[in-house]
Amino acid sequence: MQDVGLEYCGLRQIDGPLLFLDGLKGVSFDEVVEITAPGGEQRLGQVLEVTEDAAVVQVFAGTTGLSNAGTRVRFTGKGLTIPVGRQTLGRVFDGLGRPKDDLPPVLSSVRLDVNGAPINPYAREYPRDFIQTGITSIDLMNSLVRGQKLPIFSGNGMPHNRIAAQITRQARLLDRDVSFAIVFAAMGVKYDVARFFIDSFEQSGVLGDVVMYLSLADDPSVERLVTPRAALTCAEYLAFEENMHVLVILTDMTNYCEALREIATARNEIPSRKGYPGYLYSDLAGLYERAGRVQGREGSITQVPILTMPSDDISHPVPDLTGYITEGQIVLDRELFQRGIYPPVAGLPSLSRLMKDGIGKGRTRDDHPHVASQLFAAYSHVKDIRALAAVIGEEELSPLDKLYMKFGEQFERTVISQAEFEDRSIQQSLELGWEALRILPRSELYRVTEEELSQFYDVKNGVADAAPPADPPGAG
Amino acid sequence: MVQNSPASTAGDTPRAAGRITRVNGPIVEARGMAGAGMLEVVEVSELRLIGEIIRVRDDVATIQVYEDTSGLKPGEPVFGTGMPLSVRLGPGLLGNIYDGIQRPLAQIMRHSGHYIRRGEKVPPLDATKQWGFEPLVKPGDAASPGQVFGRTQETQSVEHRLMLPPDVRGTVVEVAPAGDYNIDDVVCRVETGHGETISVTMAVDWPVRRQRPSTRRIAMDTPLVTGQRVVDTFFPIAMGGTAAIPGGFGTGKTMTQHALAKWSAARIIVYIGCGERGNEMTEVLREFPELIDPRSGRSLMERTILIANTSNMPVAAREVSIYTGITIAEYYRDMGYDVAVMADSTSRWAEALRELSGRLEEMPADEGFPAYLPTRLAEFYERGGKVRTLNGREGSVSVIGAVSPPGGDFSEPVTQHTSRFIRCFWALDRELANARHYPAISWLNSYSEYLDDIQGWWQQQDPAWREWRDALMEILQDEVKLQRVAKLVGPDALPEQQRLVLFIAETIKNAFLQQNSFDEVDMYCPPEKQVQMLRVLTQLFRRSRDLIRRGGTLADIRELPCMNRIVRMKSAVPNDQVDQLRELFERLNREFDEAERRLA
């Protein structure tokens, strides 16, 4: 940031994270400013609003220690940019994209604006390559595809970080031996969480393929507004210029939204729900929509944002608006968690919207869509029967309903549940699904075809090896 | 005044009108704008970003800018164009994909790659393309407003009827001979009563916020057949009707909209992706060209126009995108076509209004939405309808708007206001969606006010249609009451007749209401087949009721061999072999006859 810009001395007003300046000239909307505190310390900020002679500036590092008289502000005349390129792999940056790992700055001739630009919908390539995460509740029931944005809706204390780490460890495409580069952005999470991910990457030996942007809980909150943008800018370059497959983990989006609310409140904006600004949807979309694939490029960006739902409330504005933008959601369930089931992926509210085009014939296995649909239907029925059993007692249930109860138990204990270091192939996952379905009478299985029933249901020995040889996944 | 003359793509030399004084996100204020009119289009800064004047106070104009405003400075110029925000209408719209202000996204990609850069200026219609023009008037003919003076084949399945502007009356003095012309060539001249000669080309500009005129509205008596059973049979929409699809995330709004866009019996589909996902538009772009319209036998893309202003594209352009879409729809309506507009999602449009209103520091009403939200919604839905066009044809615009209520709570302002202006309400249900029952249209909370208007059409298919439909509806409603009891005492404690209702309701859900949009047969269900399925299910209920009255049990019915066939009839019976359902009906009767004999 060696650009010569106009420097002003003195402020009119400081309010929360915002500075109000008067008597300016030639300031442009959205440009980056460098602020020098009275003690000489440097901070970065950004212009939020300009009029002919005044501007509102948000300070990323907070306004503590600034004073009206002694603060100097220099306008750089450009937006916030970060260096990008393969050199960023293996590096750790702070929330604004500055090195945090005691290594020298990244030498790259390319610096990109963190805001990016919207991808032309016409230029997108529809995502349809199945990613095997080795987790049955995802692969079988809510399949992830390359270029999808699939968030984890969690709650405090639940193992979302372990699931995200397991995904990063095991994710692979079926037909190609390609590994993922990982871009990790932490917003307002504790140091332990960041440490957990670093250790996990280290153990699986992928640390050299990971870029980290860390804005931890003790970093200034406003900085979090830049962190995911920096991470996605880096990911976009790796994916669409360097043709890499990038998996982006953003955690925790709830903290990001709170930072946004803080700024909105400081600007006296009219709030919509729960004090969040009316543009929260557009703002989140500006992040989540930076996933996908584009025509003529091999690379892809797959996003797994993590958010904690305040009091496990899925209708809270943050999960609600996220769910409206992302292509599905993996919802973690408190009850399964309390029963010791890992991963506690809720059967019914979880959803992958892109699953339909990424699975089935030539992709995973022909029966996959039907098995998944049948499992959903049956498990949804289990929920009804459990409610009934709670009233009339389990003994009073009809024989068929008792089978459903048994199916529900098996589904949760063997299909959903697995070990943290267990990597199941999609064939194994499908076989587990059939094994659970075999508890139910044939006539109950109306979402699978007759041929599938005779091929898979009638196999009585129930050994995974009984499944036909793995389908060679077809053309992508 | 309407822009009649061939648009000289106004602003060849835009007047430098004012200077920017303030920038706040997409809202820019400029001074020195005394000459500018309300809703005039302006170009902001040397980047020539497109904006629209939304407030004028003294010589200060407030402008909403349709592109990202980063880097704009006070003092930069603002240029006036003297024109309201308009769309360009003419051959070449079909099969295209535009952003909210009608810039063709395919051309933008050719210019600037994967990302949309600022200040892109690409004409909406290809001016170099030659269209085969065929005149339908000759010199000396009287010319009336909206008259069809010629035609060109826009796609294999759609003939583009070229119309005189709605305010032109007089005599045709010259018309081009049949041949190839581009959209800027003058193909017709009309002398008006005032001695003025007006040159007409194949393309015309029309202001988006203004409804295109028609002679009068006419009664809606035909259903817009969608091929989706729960819609057509239970909650039908009329050709020219308005409908809303409210539903929380993951309940299948977009899937339902896509299914309607694919299979609706409209001649033209305008699909507006307003503030939604980019990949969904890509899906349409990838899938539609490969799907065959069951009526024309041609690719679905030939009748489709896409407006894509995804959630990450500028918010002001999202606000205008639904007007762009509906104006294009009205244009095809005026040619005498039935047009269906899908707006996904009107909530994102309302949020764009809210965001802009907030930046204008207007006083908010409900949940921060501006007080004029209901007015704007009403104006939008009122642009739907079936009309007698100026040229005497019948045309219609059906409007189907998705609504995304926060938290799936229908009591929020957008859902509430919308339900006042529509007559068909397809409420999506979270529980159905969780059980992967699609379309997740709830049969308890949905309604259609068109049922009585269009039942005549169905009764031509079969006079008993309404009776069957109402019988099944009653079963579904009864089931809810019985389920409440069953949840307390268990279904086995209910009398056999009531258990039958539960069983039949379950069968209706699986065999009729649920429709698999990925199944090659089931994705589209023609009306004849719906009627026959309805007949089979009604008969199943009636015969079962009688059988139980005679002492039969539910188990007897469950075990009838035809049950397996009934549950799978939606996909097992091909759409062009509906006779198989008549055979199934006979078989059902035979099996029940036999069961009754066994009992006796």
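Just so it is clear, the values below take in all heavy atoms, side chains as well, and ignore hydrogens, waters and symmetry mates. So that the names make sense, note that chain A is the first sequence line, chain B the second, and so on, each numbered from 1.
Within the 4.5 angstrom heavy-atom criterion, only side-chain atoms of B:M281, from C-beta onward, approach chain A. Only the side chain of B:D492 comes within contact range of chain A, with at least one heavy atom under 4.5 Å from a heavy atom of that chain. Heavy atoms closer than 4.5 Å to chain A are found nowhere in B:A433, neither backbone nor side chain. When heavy atoms are compared at a cutoff of 4.5 Å, B:V315 approaches chain A solely by way of its side chain, counted from C-beta outward. Of the two parts of A:P319, only the backbone, made up of N, CA, C and O, holds a non-hydrogen atom closer than 4.5 Å to a non-hydrogen atom of chain B. For chain A, no part of B:D409 is nearby; none of its heavy atoms comes within less than 4.5 Å. In this structure, chain A has heavy atoms under 4.5 Å from both the backbone and the side chain of B:R436. Only the side chain of B:R348 comes within less than 4.5 Å of a heavy atom of chain A; its backbone N, CA, C and O stay farther away. Residue B:R118 does not touch chain A at all, counting heavy-atom pairs closer than 4.5 Å.
Cation-pi geometry between B:R359 and A:Y279 is met: the NZ or CZ atom falls under 6.0 Å from the ring centre, inside 45° of the normal.
For the set B:H114, B:E355, B:K73, the count of heavy-atom pairs under 4.5 angstrom toward chain A peaks at B:H114.
In this structure a side-chain-to-backbone donor-acceptor pair under 3.5 Å is missing from A:Y126 to B:E287.
Considering A:R124, A:K356, A:R353, A:R128 in turn, A:K356 is the only one that fulfils the side-chain hydrogen bond (donor to acceptor under 3.5 Å, both in side chains) rule with B:E283.
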